[in-house]
Amino acid sequence: MSVKFAVLGHGVVGSGVVELFYKNRKSIEKRAGTEMDIKYILDLRDFPDSPYQDKFTKDFNDILNDDEVTSVAECMGGVEPAFTFVSACLKKGKSVSTSNKELVAEKGDILLSLAKENGCNFFFEASVGGAIPIIRPLHRCLAANDISMVAGILNGTTNFILTKMYNDNMPFAEALALAQKLGYAEKDPTADIEGHDACRKICIISSLVFGRHVYPKSVFTKGISQVELCDVAACDVLGYALKLVASVRKLDNGKILPAVMPTLVSYDSIMSGVNDVFNAVLVYGDGIDQTMFYGRGAGKLPTASAVLGDVIETAKSDGTVLSQTWEKADDDSFVESIDKLSCRWYFRVPSGAAPEGAEPYEHEDGVSFISAAEMSFADARAKAKELGALAYYPVL
Ligand code: HSE
């Protein structure tokens, strides 16, 4: 038997899939227990210098109508045309492995159902955390747990930017340009900076863990575009790293509370030391207490590693449906309002504006930081208004 698969998209991730496959083909085939090859690479662009000229096609139908192709790696990104192509493949019984978090966050419930109906697999390990194995561990290795919270640094670009700002005093724009050059950022880096990419990833984790589709529009999302160097520097003096944290909590009322926000992470927490393009995911469960997953969260070969892991799993599955399903959600009534998020907070106020008795930390840039005891997001928002705060951040 021999498995032939196609790669949709020859950008950063797609080209990484081709490169890593041919680099390690022998050991991949050994692990898969079958011969394997890439039959097609789909891309509208020309790649005259590629050694794989014979594999390129611009016509998706070449792949769809070739019965020899049983598995597809989708690395195009974006909802369309990826959704149309992936749906068509699944309807034909071709398993799909994707790195496309936007697709899974928006259409995961539909695609998982389609895979099940057609006796094939829809895998998406590469959609969260780049190289980090997190999807399969969550729904298989940790399946015995009642999971109460997942919190992570899920965007490599913003973690890279925050690290460069802090370590090298590098301005925001320069750090972003470097992240783009290294292939970490999205085509439109607004998705990274404003937290939408991390939001999609926490939606995928929430859907997987809690069994109902969570849509990005239901998740409070704040990125790092308003974070200033003085925030990062002041946090350090106060004993925290400032990180873009995506989290989801299970509440006592049965609802879940997902959110993405720049957050103070104590230096006592192992997550505070997660720097550069690295991601980390902390999972809290009644059996495991807490477990952390760590690795490169973006980049060509790290993401390709996760895509190929799924392609190999498909080759080994031998027609068995192994992928998880979750319920469609007709409404988001099971997602609690962000106003109910309860935690400690820090407020950045203009110097001299701290109320009496607040004992602020005075930063050299003419701003002060005031810590506050645990309160809800709604109360923190009101307090920020009352203080004339320039920014306010939760503490993990
Ligand atoms: N732009 C994403 C990031 C790529 O920086 O994390 C990996 O999903």
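For the single chain, residues carry numbers from 1 onward in sequence order. What you are looking at is a predicted structure, and each value in this text was computed from that prediction instead of being measured. What you see below is based on every heavy atom in this structure, not just the backbone, and it leaves out hydrogens, waters and symmetry mates.
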Worksheet entry | Intermediate values then yes/no, side chain to side chain donor-acceptor pair (under 3.5 Å), D62 and T57 | CA-CA 7 Å; D62 289 344; T57 177; 2.7 Å; yes

Item to complete: Using the six-membered ring of Y215, assess whether NZ or CZ of K217 lies under 6.0 Å from its centre and within 45 degrees of the ring axis.
Response: yes

Worksheet item: L229 versus Y166: any side-chain heavy-atom pair under 4.5 Å?
Response: no

Worksheet, complete the sentence: Sorted by chain and residue number, the side-chain contact (heavy atoms from CB on, under 4.5 Å) partners of D67 (sequence neighbours excluded) come out as none

Worksheet item: Between E125 and I134, which heavy-atom pair has the shortest distance, and what is it?
Response: OE2-N, 2.7 Å

Discussion item. Side chains of S225 and E194 only: does a donor on one sit below 3.5 Å from an acceptor on the other?
Written reply: yes

Practice prompt. Examine the side chains of E35 and S2 and answer whether a donor and an acceptor come within less than 3.5 Å of each other.
Written response: no

Discussion item. Does Q226 have more than 12 heavy atoms from other residues, nucleotides or ligands lying within 6.0 Å of its CD?
Written reply: no

Discussion item. Whether R136 engages the ring of F123 as a cation-pi pair (distance to the six-membered ring centre under 6.0 angstrom, angle to the ring normal within 45°) should be assessed.
Written reply: yes

Worksheet item: Between K383 and D379, is there a salt bridge with N-O shorter than 4.0 Å?
Response: no

Discussion item. Quiz question: by atom type and distance under 3.5 Å, do the side chains of Y284 and D146 form a donor-acceptor pair?
Written reply: no

Worksheet item: Can you name the closest pair of heavy atoms from P262 and G223 and give their distance?
Response: CG-O, 3.1 Å

Item to complete: Count the heavy atoms of every other residue, nucleotide or ligand shown that sit under 6.0 Å from NZ of K328, and state whether that count exceeds 12.
Response: yes

Worksheet item: Hey, what's the ring geometry for F278 with Y294, parallel, tilted or perpendicular (30° and 60° as the breaks)?
Response: parallel

Worksheet item: Is any side-chain N of the basic residue among K300 and E19 closer than 4.0 Å to the acidic one's carboxylate O?
Response: yes

Item to complete: Output yes when R344 and E374 qualify as a salt bridge under the 4.0 Å nitrogen-oxygen rule, no when they do not.
Response: no

Item to complete: Answer yes or no: is there an ion pair linking K250 with E336, defined by an N-O contact shorter than 4.0 Å?
Response: no

Worksheet, complete the sentence: For H10 and D43 the tightest heavy-atom approach is N-OD2, 2.7 Å

Worksheet item: Who passes side-chain hydrogen bond (donor to acceptor under 3.5 Å, both in side chains) against K181, sequence neighbours left out?
Response: none

Fill in: Where C203 and A105 come nearest, the two heavy atoms and their spacing
CB-CB, 4.3 Å

Item to complete: Please check if atom NZ in K116 has more than 12 non-hydrogen atoms from other residues, nucleotides or ligands closer than 6.0 Å.
Response: no

Worksheet entry | Any donor-acceptor N or O pair under 3.5 Å, side chains S218, D332 | yes

Discussion item. Parallel, tilted or perpendicular, judged at 30° and 60°: which one describes the rings of F160 and Y184?
Written reply: perpendicular

Fill in: Sole candidate of T98, T314, L114 that passes side chain to side chain contact (heavy atoms under 4.5 Å, CB included) when paired with F122
T98

Fill in: Salt-bridge criterion met for D46 and K58 (N-O under 4.0 Å)
yes

Worksheet item: Would you call the rings of F347 and Y392 parallel, tilted or perpendicular if under 30° counts as parallel and over 60° as perpendicular?
Response: parallel

Worksheet item: With no hydrogens and no angle check, do the side chains of K107 and N100 hold a donor and an acceptor under 3.5 Å apart?
Response: no

Discussion item. Under the criterion side chain to side chain donor-acceptor pair (under 3.5 Å), I'd like the reasoning laid out for T158 against N155: C-alpha separation, chi angles, the key distance, then a yes or no.
Written reply: CA-CA 6 Å; T158 45; N155 181 266; 2.8 Å; yes

Fill in: Side-chain donor-acceptor pair present, D231, Y393, cut-off under 3.5 Å
yes

Worksheet item: Under 4.5 Å between any side-chain heavy atoms of L244 and V260, yes or no?
Response: yes

